[in-house]
Colleague: 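One structure, as structure tokens, below. Some questions next.
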There are 2 protein chains.
Amino acid sequence: MSKNETRSANRKSDIISAAIEVFAETGYFRATTAQVAERAKISQPYIFRFFSTKEALLLTALEVSWTRIIDSFRKVVESASPEQLETDLIRAYEEILNTYQNEVLLQMQAQTIREDSIREAMRGGFREVRRMVLDAFRAAGIPNAEERTMLFLARGMLCNISAALLMPELMET
Amino acid sequence: MSKNETRSANRKSDIISAAIEVFAETGYFRATTAQVAERAKISQPYIFRFFSTKEALLLTALEVSWTRIIDSFRKVVESASPEQLETDLIRAYEEILNTYQNEVLLQMQAQTIREDSIREAMRGGFREVRRMVLDAFRAAGIPNAEERTMLFLARGMLCNISAALLMPELMET
DNA sequence: AAGATTAGTGATTCATCAATCAGTCAACCT
DNA sequence: AGGTTGACTGATTGATGAATCACTAATCTT
């Protein structure tokens with residue numbers, strides 16, 4: 001029983017990982033469930049045992065990607081010194097961008113998808129990240145915490161684009 | 001003859017305008033050429049008299065959208081006082097975001113499309129905008145012109161997301 | 001070992017779409 | 001009037017993709 005649950009959970013996370021890759025590489029709408037299945041080494045119909053629709057799979061993939069960022073930022077916030085806080089957050093995000101580029105690319109795609117459920121997931125992710133950063137900046141006594149939070153997020157978004165388009169000069173200072 | 005050219009040019013720009021709307025609303029890959037045709041009030045096959053492929057139409061739409069921004073910024077740069085320069089550029093971009101949201105949404109989509117021709121169009125647009133802003137900041141004697149340019153672009157990108165997701169709080173200071 | 005539950009797939013369905021083709025219709029020329 | 005050109009469309013094609021169905025194989029239970 002627990003063995004089955006484990007195997008099943010592995011299959012599910014295999015599918016999610018495959019979906020993140022394929023969606024990021026090909027574009028969510030152009031990507032096919034057959035491509036995801038091939039990457040996950042299962043048959044195409046089997047995806048629908050775990051996700052009722054392609055969109056449900058996208059939603060789960062987005063949740064994974066937001067959890068990645070939020071967990072990483074939480075660790076920084078809990079341990080960083082006030083002086084190092086912003087630098088450490090930036091470093092943490094750069095680390096994510098290096099290691100999980102596909103998750104970020106998927107989020108970038110989802111920013112322009114108008115389905116309510118997708119939008120809600122994106123709003124929730126941004127809201128939580130912003131809240132965490134803002135609270136941490138305030139707790140660290142950073143002046144103009146609101147503006148600094150906005151600029152931190154803004155920098156991150158430009159960083160995404162710089163990475164997606166392979167234009168490092170966009171981040172030059 | 002010139003009458004025909006005019007009619008033909010109108011048709012072409014009708015198609016481009018329709019494509020910007022439909023692609024922005026529905027997503028480029030999900031949008032169909034039939035939807036674009038309906039919006040432009042022509043038949044679906046007629047699109048292919050003007051654009052050899054759907055992708056060629058996207059490329060032209062992207063060029064239009066970049067030209068919009070570049071022309072607008074150029075006017076600001078040519079006329080604004082050094083003290084007002086950044087403020088005026090921000091205002092100009094907000095104006096574009098209000099009036100031509102769909103063009104911006106289309107650019108956001110194109111940021112994650114991996115086709116070479118699309119990427120090249122996006123790189124060219126970003127490069128030109130960055131160059132113009134950087135040169136103007138330098139000419140205005142703004143210190144740390146490189147960093148200020150980066151932050152200006154970053155703010156703009158967050159502004160896009162804030163508008164796309166209907167999250168004004170992302171831009172709060 | 002037999003029965004029952006779970007893991008997994010092949011084949012199919014029905015819908016959809018970019019692109020092509022073959023043709024109509026109207027305007028203009030002479 | 002008749003012929004030529006350019007604007008424009010209906011019908012079609014060939015491919016593709018999400019989702020369903022009807023199965024088989026494997027594992028677990030007792």
Side-chain angles (χ1 to χ4, degrees), chain A residues 1-62 106 109-110 113-115 117-118, chain B residues 1-62 106 109-110 113-115 117-118:
Chain A
M1 188 81 77
S2 82
K3 215 175 183 183
N4 284 346
E5 273 169 33
T6 300
R7 175 176 308 212
S8 168
N10 284 343
R11 283 298 186 224
K12 189 166 185 182
S13 73
D14 286 352
I15 294 171
I16 296 166
S17 299
I20 290 170
E21 287 181 27
V22 172
F23 290 171
E25 286 167 15
T26 313
Y28 168 69
F29 290 118
R30 190 173 35 168
T32 71
T33 56
Q35 289 174 297
V36 173
E38 189 182 1
R39 193 75 61 108
K41 292 170 190 164
I42 56 164
S43 69
Q44 180 261 341
Y46 199 41
I47 289 176
F48 295 88
R49 294 272 161 184
F50 298 91
F51 302 94
S52 60
T53 63
K54 189 187 174 190
E55 187 180 315
L57 174 55
L58 170 61
L59 252 176
T60 306
L62 284 175
L106 190 59
Q109 287 184 39
I113 297 180
R114 281 163 129 85
E115 308 297 312
S117 60
I118 306 296
Chain B
M1 189 82 76
S2 82
K3 213 175 185 182
N4 283 346
E5 273 169 32
T6 300
R7 175 177 309 213
S8 169
N10 283 343
R11 284 294 186 229
K12 189 167 184 181
S13 73
D14 285 352
I15 294 171
I16 296 167
S17 299
I20 289 170
E21 287 181 27
V22 171
F23 290 171
E25 286 168 15
T26 314
Y28 168 69
F29 290 118
R30 191 173 35 168
T32 71
T33 56
Q35 289 174 297
V36 173
E38 189 183 1
R39 193 74 61 107
K41 292 172 187 161
I42 56 162
S43 69
Q44 180 261 340
Y46 200 42
I47 289 176
F48 295 89
R49 294 272 162 185
F50 297 90
F51 303 94
S52 60
T53 63
K54 188 188 175 189
E55 188 180 314
L57 174 54
L58 170 61
L59 252 175
T60 306
L62 285 175
L106 190 60
Q109 287 183 40
I113 297 180
R114 281 164 128 86
E115 308 296 310
S117 60
I118 307 297

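Letters A, B, ... are given to chains in the order of the sequence lines, protein chains preceding strands, and every chain is numbered from 1.
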Colleague: Determine the contact category for A:A31: base if any of its heavy atoms lies under 4.0 Å from a base atom, sugar-phosphate if only primed atoms, P, OP1 or OP2 are that close, otherwise nothing.
Modeller: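 Sugar-phosphate, no base atom in range.
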Colleague: Please write out each protein N/O paired with an N/O of nucleotides 8-12 of chain C under 3.5 Å, distance rounded to 0.1 Å.
Modeller:
residue: C:dG8; atom: OP1; partner: A:R11; partner atom: NE; Å: 3.0
residue: C:dG8; atom: OP1; partner: A:R11; partner atom: NH2; Å: 2.8
residue: C:dG8; atom: OP2; partner: A:R11; partner atom: NE; Å: 3.3
residue: C:dG8; atom: OP2; partner: A:Y46; partner atom: OH; Å: 2.8
residue: C:dG8; atom: O6; partner: A:R49; partner atom: NH2; Å: 3.3
residue: C:dT9; atom: OP2; partner: A:S43; partner atom: N; Å: 2.8
residue: C:dT9; atom: OP2; partner: A:S43; partner atom: OG; Å: 3.0

Colleague: Is A:T33 close enough to D:dA18 that one of its side-chain N or O atoms is under 4.0 Å from OP1 or OP2 there?
Modeller: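 For D:dA18, OP1/OP2 do have a side-chain N/O of A:T33 under 4.0 Å.
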Colleague: Rounded to the nearest Å, what distance is computed from the CZ atom of residue A:R30 to the C1' atom of nucleotide C:dC17?
Modeller: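 For the pair A:R30 CZ and C:dC17 C1', the rounded distance is 15 Å.
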Colleague: Please state how far atom CD1 in B:I15 lies from atom C1' in D:dC8, giving the value in whole angstrom units.
Modeller: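 Atom CD1 in B:I15 sits about 11 Å away from atom C1' in D:dC8.
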Colleague: Show the nearest heavy-atom pair for residues B:Q109 and B:I113, with the distance to one decimal.
Modeller: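 Result for this residue pair: O-CG1, 3.6 Å.
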Colleague: Grab the CZ-C1' distance between B:F48 and D:dG6 for me, whole Å please.
Modeller: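 Rounded to the whole Å, the gap is 20 Å.
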Colleague: For A:F29, which residues count as a ring pair (Phe, Tyr, Trp, His ring centres under 6.0 Å) partner, sequence neighbours excluded?
Modeller: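 Listed in chain order: nothing, the list is empty.
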Colleague: What is the distance, to the nearest angstrom, from the CD1 atom on B:I47 to the C1' atom on D:dA7?
Modeller: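 Rounded to whole Å, this separation is 15 Å.
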Colleague: What is the distance from CZ of B:F23 to C1' of C:dC17, rounded to the nearest Å?
Modeller: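 Computing the B:F23:CZ to C:dC17:C1' distance gives 13 Å.
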Colleague: Angle, rounded to 10°, between the helical axes spanning five pairs at each terminus of the helix from C:dA1-D:dT30 to C:dT30-D:dA1?
Modeller: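 It works out to 0° between the end axes.
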Colleague: About how many Å separate CG of B:L58 and OG1 of B:T53, when rounded to the nearest 0.5 Å?
Modeller: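 Between B:T53 OG1 and B:L58 CG, I get 9.0 Å after rounding to 0.5 Å.
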Colleague: As an exercise, state the distance from OG1 of B:T33 to NZ of B:K54, rounded to the nearest 0.5 Å.
Modeller: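 If I round to the nearest 0.5 Å, the distance is 7.5 Å.
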Colleague: With A:F50, which residues qualify under ring pair (Phe, Tyr, Trp, His ring centres under 6.0 Å), at least two apart?
Modeller: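 In terms of ring pair (Phe, Tyr, Trp, His ring centres under 6.0 Å), with neighbours along the sequence ignored, A:F50 is linked to A:Y46.
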Colleague: Output a table of donor-acceptor pairs, distance under 3.5 Å, between side-chain atoms of residues 12-19 of chain B and any protein atom two or more places apart or on a different chain; print 'none' if there are none.
Modeller:
residue: B:S13; atom: OG; partner: B:N10; partner atom: O; Å: 3.2
residue: B:S17; atom: OG; partner: B:S13; partner atom: O; Å: 3.0

Colleague: Rounded to the Å, how far apart are B:E38 CD and C:dC17 P?
Modeller: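 Checked: the CD to P distance equals 12 Å.
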Colleague: Could you give the distance from CD1 (B:I118) to CD (B:E55), rounded to the nearest 0.5 Å?
Modeller: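 The CD atom of B:E55 is 4.5 Å from CD1 of B:I118, to the nearest 0.5 Å.
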Colleague: Calculate the interatomic distance between A:L57 atom CG and D:dA19 atom P; express it in whole Å.
Modeller: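 In whole Å, D:dA19 P lies 10 Å from A:L57 CG.
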Colleague: Pair up each side-chain donor or acceptor in residues 34-41 of chain A with any protein partner under 3.5 Å, not counting sequence neighbours, and list the distances.
Modeller:
residue: A:Q35; atom: OE1; partner: A:T32; partner atom: N; Å: 2.8
residue: A:Q35; atom: OE1; partner: A:T32; partner atom: OG1; Å: 3.4
residue: A:R39; atom: NH1; partner: A:E21; partner atom: OE1; Å: 2.6
residue: A:R39; atom: NH1; partner: A:E25; partner atom: OE2; Å: 3.4
residue: A:R39; atom: NH2; partner: A:E25; partner atom: OE1; Å: 2.9

Colleague: Can you tell me the distance, in whole Å, between the CZ atom of A:F29 and the P atom of C:dA18?
Modeller: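 It is 14 Å, rounded to the nearest whole Å.
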Colleague: Hey, could you give me the CG/OH distance between A:L62 and A:Y28, rounded to the nearest 0.5 Å?
Modeller: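 Reported value, rounded in 0.5 Å steps: 9.5 Å.
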